[in-house]
Undergrad: 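Below you will find the structure I want to go over with you.
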Number of protein chains: 2
Amino acid sequence: MSENAREAILEAARRKAQAHGYGGLNLRDIASDVGIKAASIYYHFPGKAELGAAVAKRYWEDTAKNLEALTTQIGDPIKALNAYPGLFRRSLEEENRMCLCSFMAAEYDDLPDAVKTEVQAFADINVAWLSTMLAAALIPKAKCQTRARAIFAAVAGAQLIARSRADLSLFDALINSFREAGLMPK
Amino acid sequence: MSENAREAILEAARRKAQAHGYGGLNLRDIASDVGIKAASIYYHFPGKAELGAAVAKRYWEDTAKNLEALTTQIGDPIKALNAYPGLFRRSLEEENRMCLCSFMAAEYDDLPDAVKTEVQAFADINVAWLSTMLAAALIPKAKCQTRARAIFAAVAGAQLIARSRADLSLFDALINSFREAGLMPK
DNA sequence: TCAAACCTGCCAAACGTTAGGTAGGATAAA
DNA sequence: TTTATCCTACCTAACGTTTGGCAGGTTTGA
């Protein structure tokens with residue numbers, strides 16, 4: 001349990017934030033999940049803002065690792081692109097959670113600056129990866145960045161809508177429709 | 001102070017909710033915007049949940065009117081479809097707000113049931129309108145519903161991403177990209 | 001006169017945060 | 001080897017603030 005409390009706090013906070021957002025985060029609930037008291041969180045983090053920033057940073061770092069794994073494990077860039085929505089699907093599979101940074105994108109006005117920075121980093125690494133894959137898949141280089149952003153936005157939107165119905169098959173149908181329409185490669 | 005306080009409350013609450021979500025709503029701020037005291041809101045609404053539901057209901061009713069206006073003012077269904085993202089653009093134009101129901105879709109877990117109902121109604125009328133336009137634009141009827149949902153999700157996603165950068169031109173670029181990819185008609 | 005519309009003034013709960021304390025292990029000096 | 005000191009990782013208790021909500025009084029206009 002207390003092998004590494006800092007890590008446990010980060011994970012509990014991430015889970016809660018994926019379901020309730022930054023505003024919906026509260027230190028007592030997080031502490032309760034970890035098995036400590038709320039005040040003890042202040043031993044590991046200066047405050048809620050820094051905890052939120054740490055959670056968001058860890059989140060995009062983990063995502064970056066997952067994207068790299070897609071690149072290396074799947075050779076073909078088109079197949080890798082096909083696997084991309086699966087990352088967002090997994091959040092829905094875990095108790096209908098959503099992408100931490102999509103939620104925080106909605107809350108953007110009320111986010112501490114340190115958190116805003118990490119949320120933007122998440123979008124940046126996603127678009128960068130998608131852009132690289134598109135470039136490798138023979139798409140004209142001038143259009144890669146634009147198309148990458150479009151895919152990112154569409155997948156995020158699909159997750160948002162599917163979540164509000166708690167319907168995994170709706171997410172699949174939406175992604176499928178993106179493919180069929182030509183937004184993403186088949 | 002005002003001719004019809006109930007309407008003023010609804011509008012102030014809608015503005016706040018479009019920027020901060022349901023969780024970010026608080027009665028004192030709303031009252032202050034209207035020019036009354038928080039307790040007076042209870043004269044017009046039983047509580048926060050009912051106010052939230054009323055706001056969301058009014059929101060999709062207004063959207064339904066706007067969609068109908070698009071249909072009647074623009075004869076051509078393809079041109080009407082082209083004008084659709086403009087509705088979402090307007091929210092961003094107004095102090096970088098977002099679609100009330102996109103925000104609430106993220107907060108879905110924490111929404112009172114009465115609010116959930118109205119949020120879903122918003123999605124339903126959007127998809128229904130899009131589906132009708134697509135059908136009128138010679139798209140095979142079997143695929144209209146699916147495509148309509150895809151467009152709705154994609155536009156919502158584009159708004160979410162553009163908002164987190166406070167960048168209207170990014171929204172335009174995303175929509176443009178959707179068109180170029182073939183998701184939406186040109 | 002009477003009801004609609006709004007007020008003052010409070011409450012309990014929940015929030016982030018801080019102060020101060022403590023059990024137990026590590027470290028260092030004798 | 002013992003003793004004094006310090007550190008880690010938590011605790012309890014409380015702070016000030018904000019929240020939704022409510023009881024009951026006051027103003028206003030027809």
Side-chain angles (χ1 to χ4, degrees), chain A residues 1-56 100 103-104 107 109-116 118, chain B residues 1-57 100 103-104 107-116 118:
Chain A
M1 189 126 332
S2 50
E3 163 57 6
N4 191 346
R6 196 192 140 92
E7 290 301 312
I9 293 168
L10 278 175
E11 191 181 317
R14 194 212 58 200
R15 285 171 177 272
K16 283 267 189 287
Q18 280 187 261
H20 310 291
Y22 178 81
L25 271 186
N26 86 78
L27 303 185
R28 283 171 178 83
D29 281 357
I30 296 169
S32 165
D33 282 6
V34 175
I36 60 175
K37 298 294 172 178
S40 305
I41 294 179
Y42 285 85
Y43 180 78
H44 301 279
F45 299 93
K48 186 184 175 181
E50 291 83 3
L51 171 58
V55 167
L100 179 72
F103 209 137
M104 288 184 168
E107 295 176 297
D109 284 359
D110 304 322
L111 254 32
D113 287 339
V115 181
K116 285 182 182 171
E118 307 301 334
Chain B
M1 179 147 289
S2 62
E3 166 57 11
N4 191 345
R6 195 192 139 93
E7 290 302 311
I9 293 168
L10 278 176
E11 190 181 318
R14 194 212 57 199
R15 283 172 177 272
K16 284 265 189 285
Q18 279 186 262
H20 310 290
Y22 178 81
L25 272 186
N26 85 78
L27 304 183
R28 281 170 176 82
D29 280 357
I30 296 168
S32 164
D33 283 4
V34 175
I36 59 175
K37 298 294 174 180
S40 304
I41 294 180
Y42 287 87
Y43 179 78
H44 301 279
F45 300 94
K48 185 185 176 182
E50 291 82 4
L51 171 58
V55 168
K57 183 178 184 181
L100 179 73
F103 209 137
M104 289 185 168
E107 296 176 296
Y108 207 74
D109 284 0
D110 304 321
L111 254 32
D113 286 340
V115 181
K116 285 183 182 172
E118 307 302 334

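Numbered from 1 within each chain, the chains take letters A, B, ... in sequence-line order.
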Undergrad: May I ask you to check whether over 12 heavy atoms, not counting those of B:Lys57, lie within 6.0 Å of atom NZ?
TA: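 No.
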Undergrad: Just so I know, are the side chains of B:Leu27 and B:Leu51 near enough to count as touching, which here means a heavy-atom distance under 4.5 Å?
TA: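 Yes, at least one pair of side-chain atoms sits under 4.5 Å.
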Undergrad: Would you mind reporting whether A:Lys116 and A:Asp113 have side-chain heavy atoms less than 4.5 Å apart?
TA: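 A side-chain contact under 4.5 Å exists here.
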Undergrad: Only one of B:Val55, B:Asp110, B:Leu111 passes side chain to side chain contact (heavy atoms under 4.5 Å, CB included) with B:Met104; say which it is.
TA: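 Only one option passes, and that is B:Leu111.
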Undergrad: Write down the distance between CZ (B:Phe45) and P (D:dG20), rounded to a whole number of angstrom.
TA: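 Answer to the nearest Å: 15 Å.
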Undergrad: Find the distance B:Asn4:CG to C:dA4:P and express it as a whole number of Å.
TA: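 About 15 Å, once rounded to whole Å.
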Undergrad: Which of residues 9-22 of chain B sit near DNA chain D, with a heavy atom under 4.0 Å from it?
TA: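 Within this stretch, nothing sits under 4.0 Å of the strand.
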Undergrad: Check whether any side-chain nitrogen or oxygen of A:His44 sits under 4.0 Å from OP1 or OP2 of D:dT8, and answer yes or no.
TA: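 For D:dT8, OP1/OP2 do not have a side-chain N/O of A:His44 under 4.0 Å.
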Undergrad: Does the side chain of B:Ser40 get closer than 4.0 angstrom to OP1 or OP2 of C:dC7 through an N or O atom?
TA: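 Yes, within the criterion.
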Undergrad: Please answer whether the main-chain N or O of B:Gly23 pairs with a side-chain N or O of B:Glu107 as donor and acceptor at a distance below 3.5 Å.
TA: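 The answer is yes, because a donor-acceptor pair under 3.5 Å joins these two groups.
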Undergrad: Given side chains that start at C-beta, do those of B:Leu10 and B:Phe45 come closer than 4.5 Å, heavy atoms only?
TA: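 Yes, side chains in contact.
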Undergrad: For A:Ile36 and B:Asp29, find the nucleotide of DNA chain D closest to each by heavy atoms; which residue's nucleotide sits nearer the 5' end?
TA: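 Its nucleotide being nearer the 5' end, the pick is A:Ile36.
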Undergrad: For A:Asp110 and C:dC15, what is the distance between atoms CG and P respectively, to the nearest whole Å?
TA: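 Distance, rounded to whole Å: 17 Å.
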Undergrad: Find every protein N or O atom lying less than 3.5 Å from an N or O atom of nucleotides 21-23 of chain D, and list the pairs.
TA:
| residue | atom | partner | partner atom | Å |
| --- | --- | --- | --- | --- |
| D:dG21 | OP2 | B:Tyr42 | OH | 2.9 |
| D:dG21 | OP2 | B:Lys48 | N | 2.8 |
| D:dG21 | O5' | B:Tyr42 | OH | 3.1 |

Undergrad: Scan B:His20, B:Lys48, B:Arg14 and name whichever one has a side chain to side chain contact (heavy atoms under 4.5 Å, CB included) with B:Leu25.
TA: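 Exactly one candidate clears the test, B:Lys48.
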Undergrad: Check this for me: does any side-chain nitrogen of one of B:Lys16 and B:Asp33 sit under 4.0 Å from a carboxylate oxygen of the other?
TA: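 Here B:Lys16 pairs with B:Asp33 in a salt bridge, since their nearest N and O are under 4.0 Å apart.
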Undergrad: What is the distance, rounded to the nearest whole Å, between atom CG of B:Leu25 and atom C1' of D:dG20?
TA: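 To the nearest whole Å, that distance equals 12 Å.
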Undergrad: Has A:Glu118 got a side-chain atom pairing as donor or acceptor with A:Val115's backbone, closer than 3.5 angstrom?
TA: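 Looks like no, no N/O pair under 3.5 Å.
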Undergrad: Could you state the atom-to-atom distance from NZ of B:Lys37 to C1' of D:dG25 in whole Å?
TA: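 It is 16 Å, rounded to the nearest whole Å.
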Undergrad: Taking only side-chain nitrogens and oxygens of A:Tyr43, does any of them come within less than 4.0 Å of OP1 or OP2 of D:dC10?
TA: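 It does not, given that no N or O in the side chain of A:Tyr43 lies less than 4.0 Å from OP1 or OP2 of D:dC10.
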